[in-house]
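Heads up, the thing below is written out as structure tokens.
All chains are named by letter (A, B, ...) in the order of the sequence lines, taking the proteins before the strands, and each is independently numbered beginning at 1.
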There are 2 protein chains.
Amino acid sequence: MLKTSIQTEKAAVILKLLGDKTRLTMMKLMDSHACCVCEFVEIFQFSQPSISQHLRKLKDLGLVKEERKGQWIFYSVNKNNEYYSFIKPILDQLPSQDYKINELEEKGTRIICC
Amino acid sequence: MLKTSIQTEKAAVILKLLGDKTRLTMMKLMDSHACCVCEFVEIFQFSQPSISQHLRKLKDLGLVKEERKGQWIFYSVNKNNEYYSFIKPILDQLPSQDYKINELEEKGTRIICC
DNA sequence: TTATTATATAACTATTCGCTTATATATACA
DNA sequence: TGTATATATAAGCGAATAGTTATATAATAA
């Protein structure tokens, strides 16, 4: 059953997290692709700790999940999270970021593991 | 025609504004009622300037509109704004705040003008 | 006119935020 | 084992945020 309501306070916390261009773009990307930290570093041109800290915040709220594959840790949107139905309509309205993945592939820096 | 996409940067700015419990609650209220500053002061128990500043931010983005009626200025969600279709699904998932209006009416502090 | 009420703006402050660099941890590989 | 690669954490710093108080502006009422 679709969740139709969410605590206002929780909603505000989630929206604040999504209210950062970097995190919002990451979420849009991770909604359709599992990505690792080094890919985000390449895409956003921020330091690796900066990317890790963004992911940490998203993970702390349960919005993303991580899966280690060898030396890499792949992050993706946690679609089993109870708030996924809240954020999905938001992500769906955002322009696709797939071209960023394509750019990685063209540069040969896309990580495809296992 | 429904707008199905929004610039990522603009979306982030809007979500950041909505990512504050006070503003988010105000937006939910104003989606169904026109409210004036003094009512919000009563509801949230913040100073009048604090409320005015929140409304100013929402107005600067075009998310709300104002209408002066005598000594009061009534604020409501601007449903003609190009981003309304972006925020509407968010507001719709939030719990109703109508009880706050009811409380004002019971206390006799609800402003109904003209 | 003068006083009152409603709202806006300015200035200030404590806290939060998002980045940085430095360092620690964990895995892969020679 | 030692070295390189990937990621996480800690500490620090400047900018942004959300509240406050003081003051200005605008409409109403006496």
Q) With distance as the sole test, does Arg23(A) use its side chain to make a donor-acceptor pair with the main-chain N or O of Leu17(A) at under 3.5 Å? A) yes
Measure all distances between protein nitrogen or oxygen atoms and nitrogen or oxygen atoms of nucleotides 27-30 of chain C, and list the pairs falling under 3.5 Å.
none

Q | All side-chain hydrogen bond (donor to acceptor under 3.5 Å, both in side chains) counterparts of Ser52(A), not counting sequence neighbours | A | Gln48(A)
Q.
Checking Ile51(B) against Leu55(B) for the side-chain contact (heavy atoms from CB on, under 4.5 Å) test, could you report, in this order, the C-alpha distance in whole Å, the side-chain angles of both residues, the deciding distance, and whether it holds?
A. CA-CA 6 Å; Ile51(B) 298 298; Leu55(B) 288 167; 4.0 Å; yes
**Q.** Audit row: Ile43(A), Cys35(A), side-chain contact (heavy atoms from CB on, under 4.5 Å) steps and yes/no
**A.** CA-CA 11 Å; Ile43(A) 288 171; Cys35(A) 299; 5.8 Å; no
Quick one: side chains of residues 57-65 of chain B, donor-acceptor pairs under 3.5 Å with protein atoms, not counting sequence neighbours, listed by atom name and distance.
unit_1	atom_1	unit_2	atom_2	d
Lys59(B)	NZ	Glu66(B)	OE1	3.3
Asp60(B)	OD1	Arg56(B)	NE	3.1

Q: Start with the C-alpha distance between Cys36(A) and Ile73(A), add both sets of side-chain angles, then the distance that settles side-chain contact (heavy atoms from CB on, under 4.5 Å), and finish with yes or no.
A: CA-CA 6 Å; Cys36(A) 64; Ile73(A) 299 177; 5.9 Å; no
Q. Can Thr22(B) and Phe40(B) be said to form a side-chain contact (heavy atoms from CB on, under 4.5 Å), step by step?
A. CA-CA 9 Å; Thr22(B) 304; Phe40(B) 285 132; over 6 Å; no
Q.
Going by side-chain hydrogen bond (donor to acceptor under 3.5 Å, both in side chains), name the residues that satisfy it together with Arg110(A), two or more places apart in sequence or in a different chain.
A. Glu39(A)
Q. Applying salt bridge (charged side-chain N to carboxylate O under 4.0 Å, His left out), which residue pairs with at least one partner in residues 42-53 of chain A are found, sequence neighbours left out?
A. Glu42(A)-Lys107(A)
Q) Is there side-chain contact between Val37(B) and Trp72(B), with heavy atoms separated by less than 4.5 Å? A) no
Q.
Could you work out, with salt bridge (Lys or Arg N to Asp or Glu O under 4.0 Å) as the rule, every residue matching Asp31(B), not counting sequence neighbours?
A. Lys79(B), Lys88(B)
(Q) Test of understanding: with side-chain contact (heavy atoms from CB on, under 4.5 Å), list the residues that count as partners of Ser50(A), not counting sequence neighbours. (A) Phe46(A), Ser47(A), His54(A)
Q. Going by number, which of residues 37-52 of chain A have a non-hydrogen atom under 4.0 Å from DNA chain D?
A. Val37(A), Cys38(A), Gln48(A), Pro49(A), Ser52(A)
Exercise answer: donor-acceptor pairs, residues 6-14 of chain B side-chain atoms, under 3.5 Å, sequence neighbours excluded:
unit_1	atom_1	unit_2	atom_2	d
Thr8(B)	OG1	Gln97(A)	NE2	3.2
Glu9(B)	OE1	Lys21(A)	NZ	3.3

Q | Residues in contact with DNA chain C, drawn from residues 54-66 of chain A - heavy-atom cutoff 4.0 Å | A | His54(A), Lys57(A)
Q: For Lys28(A) and Pro95(A), indicate whether the former's side chain and the latter's backbone hold a donor-acceptor pair under 3.5 Å.
A: no
**Q.** Boundaries of the DNA chain D segment in contact with chain B, non-hydrogen, under 4.0 Å
**A.** dT17(D) to dT28(D)
(Q) With the threshold set at under 4.0 Å for non-hydrogen atoms, list the residues of residues 8-36 of chain B touching DNA chain C in residue-number order. (A) Cys36(B)
Q: Report yes if some heavy atom in the side chain of Asp20(B) is under 4.5 Å from a heavy atom in the side chain of Leu15(A); otherwise report no.
A: no
